[in-house]
Structure formats: structure tokens, C-alpha cells
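The structure under discussion appears below in the form of C-alpha cells.
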Amino acid sequence: MSTSSATSGDATSKGRIKIVHIYPREMSIYGDLGNTRCLASRLRWHGYEPVIHQHHPGNDFPTDAHLVLGGGGQDSGQARVEDDLAHNADVLRSLAADGAPMLMICGMYQLFGNAFITVEGERLPGIAILDVTTQGNAKRMVGPVVLETAFGDVVGYENHSGSTKLGPGQQPFGRVKSGMGNNGTDGTEGAVTGNVFGSYLHGPVLPANPALADALIKLAVERALGEPFVLGRIDDELADRARTRQIHRLVG
Ligand code: GLN
């Protein structure tokens, strides 16, 4: 079953933007559903009308998605969504190739890569939108993170067994200033291909990093509506203070 929820047809809205959250039941055990709620709120504050669609296994993925979000989960949750992800891979690849912005966190980041091999040796194939490959480890990488990214310093929290390696030419999402990132050795975190972003950062990451949230919204609005994204007035002082505090605490 898929479910959609829209605000009332607001005649004053600048336009309707469809956010699709993929596997919110199986892959959001680290609170990444907060990213979807953050984008819906920020869209409203900017004067747009969000439509939230939840994609559950067993359904065709909506081809009219304007923004796609996926979160983290246990190895078992990743295994439960494998078949549906494979069934919908072509639609997701087509949306990605057409420039639809996507943010995949941790377990869904791993499955948007080539494969995730669990610590027990089970190989979970990915849909290869990102050229990354992940190997599970007995020791988890857990803790607060600060990254240097194209959106400024980005903060969050990581909790993963997977050690991710970037393929040749694959761009990272950011450089680690504090924390482990993709694998704790090469200083990279996440991956970006086109408008598809993969990252290990929970938090949820978007409320803590408004510039990243608005960058995704801008990409979605301009692709969906074919017109420039017009910012509304949002007071991000609390988020900015919290992010600055984490940066000073971890990086100095
Ligand atoms: N199960 C995967 C791992 O342990 C993903 C974890 C997550 O989504 N936080 O690496």
C-alpha cells in the first residue's frame, strides 16, 4: 500500500512539490523520517505546497516524484526491501538521470550503491546509482560527525557497520573534519552523482543543516515547476546555533 497526503489545495501556493519517502516502515529506525518532515515544513514556509507520498514494498514507485528520501535501517530491514528496490530500480534510475533530487541516508545510501555485503557475508545487491560498495564490519562506526561540503560545514550523527569505498571517479558528499565517514580511513563521507546524494549522517541531517535542505528544495522546485526557486523568509537561528556548537565542540 502506498499513501499520499497533501495539504488543502492552497490557491496562494507557488506550486505543488511531491516528496516520496521510500520504505518509511523498514528504513527509518534512526529518525530519518525527520528529513521528510523538515522538507515538507520548509516547502510550506517558502510558499510551496508539499505532497508527501510513502512508498511501501509491493507498489510501483511513483514516476512523478519531485524529491526522493530514504533513511537508515538494520541489515534485516535492508534485506526486506531488496526485492521491491530491484523491481523499481529502473524508475529510480530514470528519475535520477532526469535530475530528480534524492537524499539516501545510511542503509538506503548503501543500497543505492553497487552492493552491501553484511558482516555475516550476505551480499545485498544495490541499484548502482552511486558507484560505491560497502562491506559490513564487526566494529560499528558510531558518533557525531562534521563534514566540509559544497553546502558549508554539515553536522550529523553516524551509526553503521558498513565501510564504504568510492569507485574511481565517484565524488564524495563531503570531507570528514570530525568522525569516521565512509570508512574511517580515506577522509571521505557519502557520495554524490548528479542530484543524488548519499550520506551516513543521521540527526536527522536536514533540520540541522538548512542550507542542504534548501539546496534539495531548489533542485526539486526548478525541475518540477520550470521556474526559479523563490525563497521565503525562514528564521534558522536555532539550527545555526546548534550546528555551530557541534562544530566548535568537535573541530574547535
Ligand atoms: N545496516 C547498515 C549498517 O549497519 C546500515 C545502518 C544504518 O542505516 N544506520 O551499516
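Atoms within a ligand are numbered from 1 in the order they appear, just like the ligands themselves. Note that these values count all heavy atoms, side chains included, but never hydrogens, waters or copies made by symmetry.
- With sequence neighbours excluded, the residues forming a salt bridge (Lys or Arg N to Asp or Glu O under 4.0 Å) with Asp98 are Arg223, listed by chain and number.
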List, for ligand 1, each N/O atom that has a protein N/O partner under 3.5 Å away, with both atom names and the distance.
{"from": "ligand 1", "atom 1": "1 (N)", "to": "Gly73", "atom 2": "O", "distance (Å)": "3.1"}
{"from": "ligand 1", "atom 1": "1 (N)", "to": "Asp75", "atom 2": "N", "distance (Å)": "3.4"}
{"from": "ligand 1", "atom 1": "1 (N)", "to": "Asp75", "atom 2": "OD1", "distance (Å)": "2.6"}
{"from": "ligand 1", "atom 1": "1 (N)", "to": "Gln78", "atom 2": "OE1", "distance (Å)": "2.9"}
{"from": "ligand 1", "atom 1": "4 (O)", "to": "Arg140", "atom 2": "NH1", "distance (Å)": "3.4"}
{"from": "ligand 1", "atom 1": "4 (O)", "to": "Arg140", "atom 2": "NH2", "distance (Å)": "3.3"}
{"from": "ligand 1", "atom 1": "4 (O)", "to": "Ser161", "atom 2": "N", "distance (Å)": "3.1"}
{"from": "ligand 1", "atom 1": "4 (O)", "to": "Ser161", "atom 2": "OG", "distance (Å)": "3.3"}
{"from": "ligand 1", "atom 1": "8 (O)", "to": "Gly73", "atom 2": "N", "distance (Å)": "2.8"}
{"from": "ligand 1", "atom 1": "8 (O)", "to": "Gly73", "atom 2": "O", "distance (Å)": "3.2"}
{"from": "ligand 1", "atom 1": "8 (O)", "to": "Gly107", "atom 2": "N", "distance (Å)": "3.0"}
{"from": "ligand 1", "atom 1": "9 (N)", "to": "Asn159", "atom 2": "O", "distance (Å)": "2.9"}
{"from": "ligand 1", "atom 1": "9 (N)", "to": "His202", "atom 2": "NE2", "distance (Å)": "3.0"}
{"from": "ligand 1", "atom 1": "10 (O)", "to": "Gln110", "atom 2": "NE2", "distance (Å)": "3.0"}
{"from": "ligand 1", "atom 1": "10 (O)", "to": "Ser161", "atom 2": "N", "distance (Å)": "3.0"}
{"from": "ligand 1", "atom 1": "10 (O)", "to": "Gly162", "atom 2": "N", "distance (Å)": "2.9"}

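- Of the charged side-chain nitrogens involved, none lies within less than 4.0 Å of a carboxylate oxygen, so that Lys177 and Glu148 do not count as a salt-bridged pair.
- Sequence neighbours left out, not one pair with a member in residues 131-143 passes salt bridge (Lys or Arg N to Asp or Glu O under 4.0 Å).
- Applying the salt bridge (Lys or Arg N to Asp or Glu O under 4.0 Å) criterion to Asp214, with sequence neighbours excluded, gives Arg42.
- Ring pair His160/Tyr200: centre-to-centre distance below 6.0 Å.
- There is no side-chain donor-acceptor pair under 3.5 Å between His202 and Asn159.
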